[in-house]
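The block underneath contains the structure these notes are about, expressed in structure tokens.
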Number of protein chains: 2
Amino acid sequence: MKSKITLKDIARELEVSISTVSKALKNSEEISRDTKEKVQAFAKLYNYKPNNIAISLKNKRTKNIGVVIPDIVHHFFTTVIRGIEKYANARGYNVIVCLSEESFDKEVINMEMLANGSIDGFIMSLSSETQAKGDYNHLKEVTDQGIPVVLFDRITNEVECDKVIIDDELGAYRATQKFIDQGKSKIALITTDDYLSVSKARTKGYRKALQESNLGVDESLILKLPSMEMDEGAIKTFLNEKNPDAVLCVNEIFAVYSMRLVQEKGLKIPEDISFIGFTDGVLSKYANPSLSVVAQHGEKMGEVSAEMLIDKVESEAEEESYQTKVLEPTLVIRDSIAH
Amino acid sequence: MKSKITLKDIARELEVSISTVSKALKNSEEISRDTKEKVQAFAKLYNYKPNNIAISLKNKRTKNIGVVIPDIVHHFFTTVIRGIEKYANARGYNVIVCLSEESFDKEVINMEMLANGSIDGFIMSLSSETQAKGDYNHLKEVTDQGIPVVLFDRITNEVECDKVIIDDELGAYRATQKFIDQGKSKIALITTDDYLSVSKARTKGYRKALQESNLGVDESLILKLPSMEMDEGAIKTFLNEKNPDAVLCVNEIFAVYSMRLVQEKGLKIPEDISFIGFTDGVLSKYANPSLSVVAQHGEKMGEVSAEMLIDKVESEAEEESYQTKVLEPTLVIRDSIAH
DNA sequence: AACTAGAGCGAAAACGGTTTCGTGTTGATA
DNA sequence: TATCAACACGAAACCGTTTTCGCTCTAGTT
């Protein structure tokens, strides 16, 4: 077991000072060619690599970014992480992932853990509990300390920082519009409570499309579930009672489950009833029939978030200017609607 | 913007030495009650939190663990990460996630990046390229440096370290056995090339079950795809030519896609043909019909891996004893087979 | 009154780097 | 020969902790 070699070790072996070694390894003009070659050769031979922690302590940059998300076992968040990781890695940053599991307390604890020097900035999506509670002091404390934060997808207006979202309202609007164009008249929405910023926006887009048409909004066609968790009973009852001819769902799972329910009743998709979901994951692709969705471009979102964060981290300027980037959703047409 | 306060700041304000402050905050017996109270009150007031980086440098412990996996947009890996994160967090550790994207080079680069002090140990699953290449020097270098490594799922015998796997052979054996028990006689296997340790083990279990029965192994009923990527054409041709009455697939996607193919041909599942896949993800649960699978218990695997790693990290002892934990797979029966 | 023990605190080294500034040596110049 | 710049290198501070060791009091003992 050969433990890591340090500058001090090299200095001792070569009988020069630590400073000389450090400079020689950085190819400083100050050091003679002879010495530099000697040092560099020795360093290569013994596979010297500077200690990240020491460097971090010195220049107060960790090259780590903290990602705090509610859940990782969800296709959307997974793709975002991938986008963040790819981009961050290309710029020499590592990604520390923390899960809040939709809990306010865990979100707070995780952030405190990381905020004490472990990371240069945060990328996060709020837990549902945090959004329900409306308490963002943990975020404010972090930004007050000068740690940059980028909020994505589940955001709040109460914190001043960079933000990245997709235009959920537009996505829902277009999906609903699609149903209307295809002559559907009883268009249902299966969503969650409004405290989730994304659900709220999607519901708004759905309403807008219907209001602009001559159909108008029928409140009874909107099913609001208390959380993103599946509630099979509620959905079943809803679909049986309302018999819609088109259903927009705020995620894949609600949609795929609903499709199975109506298929069991003998309905034909998309002739009798059409479906569109949110999130372009494996489920949509391999469902039977395949599910049309509003794609959220999670990977892109991750890239953009990481770019904004790292740019801010590396910018010396203390300009207090924050921007919100809005990505366009895309409607992916598959067999769950006519085409 | 109030920047973080340090020991030095407190010492200056209270006109005591840094050592006194440090000791006072740790409730050292050496310091008088008066001073302790004063210091602690001040620290609380200004929300003092020790700098993680400085502590890491001092005691050569980062409380970070590095997780290197091939891909994150796969249900199995996602659940493993969740398991790791939950367990590690409970013990005060953070998780740095790096993706190799099935590339040998990225795996090497990621490990080098983290091995220079950023983490206390690795949990990893080998990239397919690494397994194909059989080059494990990057792992050996890391273990040589005394950094503990836990390998899970995709492992190798050529590196001495702790390992966690599920009994893939047993899983495949039981699944195949199930088909045999149900009177199936033309049992196919859709898998990938043998260089993936898991595929190899699963194929072995499949063969074993058939050899023990009076059916025997028909090599032509085994389809080996070059990678985990879907090859729709190959699967389609295979199923059309062979017309099996049961199919075991090494993942969910192969299985769900196959189910759709045979359904389009008018076959009834599970009467005419049954299916079992590997990985208990959303796809299996919400497929139509729902897919029976060999569950791999990713979250458990993550927990166990994290436990083994952290125990090793925190054990002072330098005992060079490594163990391999084998988790039992479970057969989850759903509608893709008779029951 | 002299000595001693212990309480309470501070100085300094250490972790592994980076960087500023100072210093000794050399050769060229006046 | 005295001066000086340039070259090559080292000393030391610094980042924010922890921890060992030594110092200075004070109070108690004889």
Side-chain angles (χ1 to χ4, degrees), chain A residues 3-40 42-43 46-64 113-120 145-147, chain B residues 3-40 42-43 46-64 113-120 145-147:
Chain A
S3 202
K4 280 266 152 197
I5 191 176
T6 70
L7 285 187
K8 193 194 270 187
D9 298 329
I10 303 184
R12 187 175 357 88
E13 289 303 312
L14 263 36
E15 298 187 306
V16 290
S17 77
I18 295 182
S19 353
T20 302
V21 177
S22 175
K23 289 171 195 163
L25 289 174
K26 316 203 92 136
N27 242 318
S28 160
E29 292 303 322
E30 242 180 295
I31 307 296
S32 71
R33 258 197 25 177
D34 258 26
T35 313
K36 279 198 280 194
E37 280 172 5
K38 214 169 46 179
V39 171
Q40 287 170 6
F42 191 93
Y46 287 93
N47 193 28
Y48 169 78
K49 293 277 164 53
N51 180 309
N52 291 333
I53 299 293
I55 294 180
S56 292
L57 182 59
K58 184 91 240 279
N59 40 227
K60 294 163 161 249
R61 285 278 168 77
T62 62
K63 290 243 163 192
N64 286 156
M113 227 177 137
L114 295 179
N116 301 122
S118 298
I119 50 97
D120 294 340
Q145 281 171 30
I147 302 178
Chain B
S3 202
K4 279 265 152 199
I5 191 176
T6 70
L7 286 187
K8 193 194 272 186
D9 298 329
I10 303 184
R12 190 180 348 95
E13 289 303 311
L14 263 38
E15 298 185 306
V16 291
S17 77
I18 295 182
S19 353
T20 304
V21 177
S22 176
K23 290 171 195 162
L25 289 175
K26 315 202 92 127
N27 243 319
S28 159
E29 291 304 320
E30 240 179 294
I31 308 295
S32 71
R33 256 196 29 173
D34 257 26
T35 312
K36 280 198 278 195
E37 279 173 6
K38 215 169 46 177
V39 171
Q40 288 170 5
F42 191 92
Y46 287 93
N47 193 29
Y48 168 79
K49 293 276 163 53
N51 180 310
N52 289 334
I53 300 292
I55 294 179
S56 293
L57 181 60
K58 186 93 240 287
N59 41 229
K60 295 164 162 250
R61 285 278 168 80
T62 62
K63 289 244 164 191
N64 285 155
M113 228 179 135
L114 295 180
N116 302 122
S118 298
I119 49 97
D120 295 340
Q145 281 170 31
I147 302 179

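All figures in this text were calculated on a predicted structure; none of them were measured in a lab. Only this structure's heavy atoms are used, side chains among them; waters, hydrogens and symmetry mates stay out.
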**Request:** Send over the distance from B:K26 NZ to D:dT17 C1', rounded to a whole Å.
**Result:** 9 Å
**Request:** Summarise how protein sits on nucleotides 5-13 of chain D as a single string, 5' to 3': B when a protein heavy atom is under 4.0 Å from the base, S for sugar-phosphate-only contact, - for no contact.
**Result:** ---BBBBB-
**Item:** Nearest-Å distance for atom pair NZ/P, residues B:K38 and C:dG8
**Value:** 13 Å
**Request:** Look up atom CG in B:D120 and atom NZ in B:K60, then write down how far apart they are to the nearest 0.5 Å.
**Result:** 12.0 Å
**Request:** Could you tell me whether the side chain of A:L14 reaches within less than 4.5 Å of the side chain of A:V21, counting heavy atoms only?
**Result:** no
**Asked** Can you find a pair of side-chain heavy atoms, one from B:N27 and one from B:Q40, that are under 4.5 Å apart?
**Response** yes
**Asked** Hey, does B:T6 reach any base, or is it just sugar-phosphate, or nothing, if we go heavy atoms under 4.0 Å?
**Response** sugar-phosphate
**Request:** Using atom CD1 of A:I55 as one end and atom P of C:dT19 as the other, report the distance to the nearest whole Å.
**Result:** 10 Å
**Pairwise 5' ranking along DNA chain C for A:K8 and A:N59, keeping only the more 5' one** = A:K8
**Asked** Does B:D9 reach the side chain of B:Y46, with side-chain heavy atoms less than 4.5 Å apart?
**Response** no
**Request:** For B:L57 and D:dT19, give me the distance from atom CG to atom P, rounded to whole Å.
**Result:** 14 Å
**Prompt:** Whole Å only: how far is the CG atom of B:L7 from the P atom of D:dC14?
**Reply:** 16 Å
**Prompt:** OG1 of A:T6 to CZ of A:R12: how many Å apart, nearest 0.5 Å?
**Reply:** 7.0 Å
**Request:** Would you check if A:I147 and A:I119 make a side-chain contact, meaning some heavy-atom pair closer than 4.5 Å?
**Result:** yes
**Message:** Measuring from atom CG of B:L25 to atom CZ of B:F42, what distance do you get when rounded to the nearest 0.5 angstrom?
**Reply:** 11.0 Å
**Whole-Å gap separating P (C:dG10) and CZ (B:R12)** = 15 Å
**Fill in**
Bend of the helix from C:dA1-D:dT30 to C:dA30-D:dT1 from end-axis comparison, five pairs per end, nearest 10°, comes to 90°
**Item:** Rounded distance in Å - CG (B:N52) to P (D:dC15)
**Value:** 18 Å
**Message:** For a quick test of reading the model: is some side-chain N or O of A:K60 closer than 4.0 Å to OP1 or OP2 of D:dC14?
**Reply:** no
**Request:** To the nearest 0.5 angstrom, please state how far the CD1 atom of A:I55 sits from the CG atom of B:N116.
**Result:** 8.5 Å
**Prompt:** Between C:dT19 atom C1' and A:L25 atom CG, what is the distance in whole Å?
**Reply:** 15 Å
**Prompt:** Nearest 0.5 Å, what's the OG1-CG distance between B:T62 and A:N52?
**Reply:** 10.5 Å
**Prompt:** Think A:Y48 has a side-chain N or O under 4.0 angstrom from the OP1 or OP2 of C:dG16?
**Reply:** no
